[in-house]
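A short write-up of the structure that comes next.
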Amino acid sequence: MTGENEDYIKERYQEVKEKVTYKDFLKDLEDIKIENVDAPFLTQQQLIDMVIEKYAEHENIQQTHTNQIQPISSLIEGNGNISIQGRLISISNIKTFTTKKGREGKVANLTVEDNSGKIRVVMWTDNMKYMNRIEEGNIIKVNNLEVRKGYTGDLEVQMKNNSSIQVLPEEVDPSLPKYEEKITNLSDITEDGEYNIIVRIKKISTLREIIKGEKTLQIITLEIMDKTGTLEFTLWNKDTKLVDTLELKEHDTIKIIKARAQQRYDQITLSNSWNGRIIKNEYDVPDFEEEILKIGYAEEKEDVTIIGTITKIYDTITFTKTDGNEGHVRSIEVTDETGSIRVTLWNKETEIEMRKGDIIKIEGGSIEFDDYAGDGYRLNTGWNASITINPELDTKLREKLELVDTIGIVKIENVLDLNEDEGREVDVVGRIITTNDTREFERGDGSKGQIKSIELADETGIVRTSLWDEKVDITEKLGDAIKIENARTRIGQGQMELSVGKSSRITTPTDEEIVNLPSYENIEQDRYNDRTISQLEENETNTKLRVRILNINEINTFTRTDGRDGRVRSIYVADETGEIQVSLWDDDTEIKFTKGSAIIIENPNITRQNTKLRLSIGNGSTIRAARQEEAEKMLSLTEIENKLYVEKYIEDIEEDDQHIKIKGTISEINSEKIIYTMCPNCNIGITQDENGYICNECGEKIEKPNYLMIISTTLQDETGTVQATFFRKDAEELISTTTEKVVAIYEQTGDESAMSSKLEDMIGHEVTIIANANFNEYDEDIRLNVRQLVIVV
DNA sequence: CCCCCCCC
């Protein structure tokens, strides 16, 4: 050891003197020298660096010798700001990924070799600018690196934002190992290993997904060929994106550096290696001619290619695979100038965007005989079939396929044509103009089914359409335009209807497809005749009323003849010409309207009960809140009431007067019996005897009757007196209590006159009422039935 | 910050 050397060692020792004695430091240096006896190129300085590194804290990265070139084998985890120089022996493709924060990132790997060893260099998003300056075989210097332990435990160097790559001339270091890019013929690949190959792409499979435990693996297989043979080359997971980023197409020629060969199932398969690269370029590889099977000549055969026009698309069906995972299958029909064939698509393939009329190319399918397929044959896409929508075609073939008749959208008047056979499969575009509730039913085999009926309209007509099972869950609402493919026609109620089941497909029509579709408002206007309440006639159909709600009764439940429970609710609506009772049934009883709400009623059933018309909201009727612009054109509730309710003096009341307004003072009140008991089944008055309540109508013994409050009064104004009877709610309002409370008082006291004094207190109060007049035959006078108590003073 | 293994 020279004095100069010793001074240098002592000087460097100062950096770690807190952590180790000088004696131990020298011993470490000797050990390092022995360990590196087969690396004579290491300088004294580098050896001392390695000793110091041993004592440096991991966080306290050694940066005293910034960007000095380090021999690869001397790199130590934690070294920062170092450079390496060597032969670039591999460049990977750029992979894209998404960081946990959702940002797009890029990563690529280089392998650099110097005389001491080789190492992986990791390039990140910001370093990609150096990519197009480098090539395998270059001598490069990479600056500002950090040494880290990689995923597999080996050391690697990572580039940072300020890292750089310089390409250096060969003279810099002629001693470096040479780079040799040996190209192997496919037929010579018989053993596991890494090979450089130049090939032509014959087929690119559709992306497949395989669920393996927690992970979903993605796979695309390329069928590749050279003049000596054909092999499969697999892209895994993120590598599958290379098909798009490198714009790989069938017939392209590519060079693959470091394709990884593996024996599997007695076959060699190639896959993309993490440090290999696919380079798309014009290479001299023989081309292949594709044999395209004419669909009319289909027979049982594997690995066939067809090109045709999509003439039918059925809906995707989801099923459970034997491994418990979900599977998807979809049928389409493909037609060329010689015939049509049913094609079955599986899983990921069912998600490929396609429309009727698109041209589809399917390679690697197999044709099987199938009893269920119309023409007896079915093309099943195997596990590595390739599907291309609207592929590049030569003009001649394109012209032929464009002649294929794709049955387009059928107008609804054509669907309705009874001269056509039922059971036709048609495509329609229409607007939903009525929707009914979903109904559940049970099939013969005991399974549950669902059905919902809607009406679809276009500019030519309206067709009733039944949606079955999962199709009831359409998200489109009243007024929306929808397209239904493969709906089946069938005769129901003497008319042609449409049935939308499993294989029918509901989609959103294109703008072009709805150019002629009238708006919901226009369809509605054409369909329904505007009426006021006074214009309505018995049994008239397709009427439309714009009314406001006057009154909402409670829901009554009843039992249908078939034993099912039913619900009914009456509401009273009015316009400026009159008022009318409307019956709502079952789910329709759950209304969100309130008194005064503006509502639209379309196509109600109009029936006559005694002298009055009544409306009922049945199947095919709609009741809905008026839209704001509709409501704005209607009179307010007060305006309607003022027009409707004519105020009269008592002496002017006539026997047919309906909803007249009377203002009078209570001069007499019946303070005796005001509670009546009713049969809950028949709503007929019943009386109690020693056996309890028995209904004369139904003969049932009644446990708990319904109670009805009726209060008779005599009203007086300056012109005369009239008897006015308050029922139910109006009676409750009159004496400011509830029927329930009155019943409770009677039950407690057992005294039918317990309410007398409270009732008599009403004498002298002035009331304003809306009432109907009727002639009492017995007393030969006119009486009033109170419809509404407006005010009590 | 990527993840080299992995499927019929």
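It should be emphasised that the depicted structure is a prediction, and the values quoted were computed from it without experimental measurement.
Side-chain contact check for A:N143 and A:S163: no donor-acceptor pair (N or O, by modelled atom type) lies under 3.5 Å. With no hydrogens or angles considered, a side-chain donor-acceptor pair links A:R378 and A:T344 at under 3.5 Å.
By the stacking rule of 5.5 Å between ring centres and under 30° between planes, A:W124 stacks on the base of B:dC1.
Distances from the side chain of A:Q262 to the nucleotides B:dC6, B:dC3, B:dC7 place B:dC6 closest. Checking B:dC5, B:dC2, B:dC7 against every side-chain atom of A:I219, the shortest atom distance belongs to B:dC7. Set against B:dC7, B:dC3, B:dC1, the side chain of A:R120 has B:dC3 as its closest nucleotide. The side chain of A:T99 has B:dC1 as its nearest neighbour among B:dC1, B:dC6, B:dC7. Closest to the side chain of A:Y151, out of B:dC3, B:dC1, B:dC6, is B:dC3.
The CG atom of A:D239 sits 16 Å away from the P atom of B:dC7 (whole-angstrom rounding). What separates CH2 of A:W346 from P of B:dC7 is a distance of 22 Å, to the nearest Å. Regarding A:E209, its CD atom lies at a distance of 16 Å from the P atom of B:dC7, rounded to whole Å. If you measure from atom CG of A:L235 to atom P of B:dC5, you get 13 Å, rounded to the nearest angstrom. If you measure from atom CZ of A:R260 to atom C1' of B:dC3, you get 13 Å, rounded to the nearest angstrom. The separation between A:K238 atom NZ and B:dC1 atom P is 13 Å, rounded to whole Å. Atom CD in A:E146 sits about 11 Å away from atom P in B:dC1, given to the nearest Å. Taking atom CG of A:N127 as the reference point, atom P of B:dC1 lies 15 Å away to the nearest angstrom.
Taking the charged nitrogens against the carboxylate oxygens, A:K95 and A:D239 do have a contact shorter than 4.0 Å, which makes a salt bridge.
For A:K356, the side chain to side chain donor-acceptor pair (under 3.5 Å) partners two or more places apart in sequence, or in a different chain, are A:D427. Partners of A:E171 by side chain to side chain contact (heavy atoms under 4.5 Å, CB included), not counting sequence neighbours, listed by chain and number: A:P169. Not a single side chain to side chain donor-acceptor pair (under 3.5 Å) links A:D473 to another residue, sequence neighbours left out. Qualifying side chain to side chain donor-acceptor pair (under 3.5 Å) partners for A:R120, counting only residues two or more places apart in sequence or in other chains: A:N109, A:E156. Listed by chain and number, the residues in a ring-ring contact (aromatic ring centres under 6.0 Å, His included) with A:H328 amount to none (sequence neighbours excluded).
The residue A:E104 sits apart from the nucleic acid: no heavy atom pair falls under 4.0 Å. No contact: A:R103 has no heavy atom under 4.0 Å from any strand. No engagement by A:K106 is indicated, since no non-hydrogen atom pair under 4.0 Å with the nucleic acid exists. Nucleic acid contact for A:N275: none, since no nucleic acid atom lies under 4.0 Å from a heavy atom of the residue.
Residues from residues 86-98 of chain A that place a heavy atom under 4.0 Å from any atom of DNA chain B, listed by number: A:F97.
Judged by distance alone, with hydrogens and angles left aside, A:R264 brings no side-chain donor or acceptor close enough to the base of B:dC6 to form a pair under 3.5 Å.
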